[in-house]
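For reference, the structure discussed in these notes is given below.
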Amino acid sequence: MAIQQSEVLYTAVATAENGRDGHVATDDGKIDVVVNPPKEMGGSGVGTNPEQLFAAGYSACFQGALGVVARRAGADISGSTVTAKVGIGKNDDGFGIIVEISATLPHLEEPAAKALLEQAHQVCPYSKATRGNITVTLKVS
């Protein structure tokens with residue numbers, strides 16, 4: 001279910017100049033980076049790229065969702081990490097992305113870890129936003 005404007009608690013604001021080969025910054029100056037296509041896509045690879053920024057945001061958000069479901073389940077996820085791999089490639093419409101979320105949960109057996117990942121995938125705002133639009137694979141590492 002979508003949230004209404006009156007329910008918004010925080011809004012991030014970022015402005016890009018020159019698209020994938022330029023500059024992007026947030027209005028508060030906390031992110032201020034050069035963006036360039038990666039070498040694999042014919043770019044200089046000097047700056048960051050939108051896929052790296054998306055991977056950073058998705059991994060942090062998913063880790064937060066994992067914490068929520070772990071607390072509900074009474075599971076110990078101390079020392080855990082979440083890695084998001086965001087791939088970009090050509091599809092029928094031009095380009096598309098694919099995501100692999102992998103988590104290391106050192107205090108849990110694989111079945112319990114996998115169950116928590118599935119639960120986190122249901123509550124993570126990034127997962128909700130991408131559901132049905134891109135392929136997201138979950139993996140216990």
Side-chain angles (χ1 to χ4, degrees), residues 1-73 75-141:
M1 178 194 296
I3 65 170
Q4 302 301 313
Q5 185 62 37
S6 63
E7 298 169 316
V8 173
L9 301 175
Y10 169 75
T11 300
V13 179
T15 302
E17 297 173 15
N18 228 22
R20 293 176 79 61
D21 203 2
H23 175 257
V24 66
T26 55
D27 63 338
D28 62 6
K30 291 182 180 178
I31 295 176
D32 190 341
V33 294
V34 171
V35 289
N36 300 114
K39 289 183 180 182
E40 296 84 351
M41 294 179 66
S44 68
V46 172
T48 189
N49 58 66
E51 293 70 40
Q52 288 176 325
L53 295 170
F54 186 72
Y58 202 162
S59 63
C61 188
F62 199 94
Q63 177 83 38
L66 190 59
V68 168
V69 298
R71 279 189 296 281
R72 287 181 190 160
D76 180 4
I77 65 162
S78 61
S80 67
T81 60
V82 173
T83 301
K85 295 180 181 179
V86 176
I88 184 169
K90 292 187 177 186
N91 66 11
D92 295 341
D93 300 6
F95 285 88
I97 61 171
I98 189 168
V99 175
E100 177 185 285
I101 301 284
S102 61
T104 301
L105 299 142
H107 304 289
L108 297 177
E109 297 294 324
E110 187 170 341
K114 200 165 192 80
L116 278 183
L117 288 184
E118 290 291 342
Q119 291 171 35
H121 190 47
Q122 295 306 308
V123 301
C124 173
Y126 275 59
S127 292
K128 288 179 181 181
T130 60
R131 188 167 290 118
N133 297 309
I134 65 171
T135 299
V136 177
T137 305
L138 303 177
K139 180 177 153 189
V140 174
S141 52

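Just so we're clear, the structure is a prediction, and the values are computed from it rather than from any experiment. Basis for what follows: all heavy atoms, side chains included, without hydrogens, waters or symmetry-related copies.
Between G19 and V35 the shortest heavy-atom distance is O-CG2, 3.3 Å. In plain terms, the two heavy atoms of D76 and S78 that are nearest each other are OD1-OG, 2.7 Å. Of all non-hydrogen atoms in C124 and C61, the two that sit nearest each other are SG-SG, 3.5 Å. Contact detail for L117 and F62: the closest heavy-atom pair is O-CZ, 3.5 Å.
Every residue meeting the side-chain hydrogen bond (donor to acceptor under 3.5 Å, both in side chains) condition with D21, not counting sequence neighbours, appears here in chain and number order: N36. Residues meeting the side-chain hydrogen bond (donor to acceptor under 3.5 Å, both in side chains) test with N18, sequence neighbours left out: none. With sequence neighbours excluded, no residue forms a side-chain hydrogen bond (donor to acceptor under 3.5 Å, both in side chains) with S102. For T135, the side chain to side chain contact (heavy atoms under 4.5 Å, CB included) partners two or more places apart in sequence, or in a different chain, are I98, T137. Evaluation of the side chain to side chain contact (heavy atoms under 4.5 Å, CB included) rule for A60 yields no partner, not counting sequence neighbours. Annotation: side chain to side chain contact (heavy atoms under 4.5 Å, CB included) contacts of A84 (sequence neighbours excluded): A55, Y58, S59, I101. A search for salt bridge (charged side-chain N to carboxylate O under 4.0 Å, His left out) contacts involving R72 returns nothing, not counting sequence neighbours. The side-chain hydrogen bond (donor to acceptor under 3.5 Å, both in side chains) test applied to T130 returns no partner, not counting sequence neighbours.
Legend: salt bridge (Lys or Arg N to Asp or Glu O under 4.0 Å) pairs involving residues 84-108, not counting sequence neighbours, sorted by first then second residue: K85-E100, E100-K139. Within the structure, salt bridge (Lys or Arg N to Asp or Glu O under 4.0 Å) pairs that include any residue of residues 29-54 comprise R20-E51 (at least two apart or interchain). Applying the salt bridge (Lys or Arg N to Asp or Glu O under 4.0 Å) test to pairs two or more places apart or on separate chains, none has a residue in residues 6-18. Residue pairs meeting the side chain to side chain donor-acceptor pair (under 3.5 Å) criterion with at least one member in residues 108-121, sequence neighbours excluded, are H121-S127.
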T15 vs D27, side-chain contact (heavy atoms from CB on, under 4.5 Å): CA-CA, chis, key distance, verdict = CA-CA 8 Å; T15 302; D27 63 338; over 6 Å; no
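Judged by distance alone, the side chain of N49 and the main-chain N or O of G45 form no donor-acceptor pair under 3.5 Å. Here the side chain of T104 pairs no donor or acceptor atom with the backbone of S80 at under 3.5 angstrom.
Crowding of I134 atom CD1: a count of heavy atoms from other residues, nucleotides or ligands under 6.0 Å exceeding 12.
Residues L66 and L116 have side chains in contact (heavy-atom distance under 4.5 Å, counting atoms from C-beta outward).
Once rounded to the nearest 0.5 Å, the distance linking CG of L108 with CD1 of I77 reads 8.5 Å.
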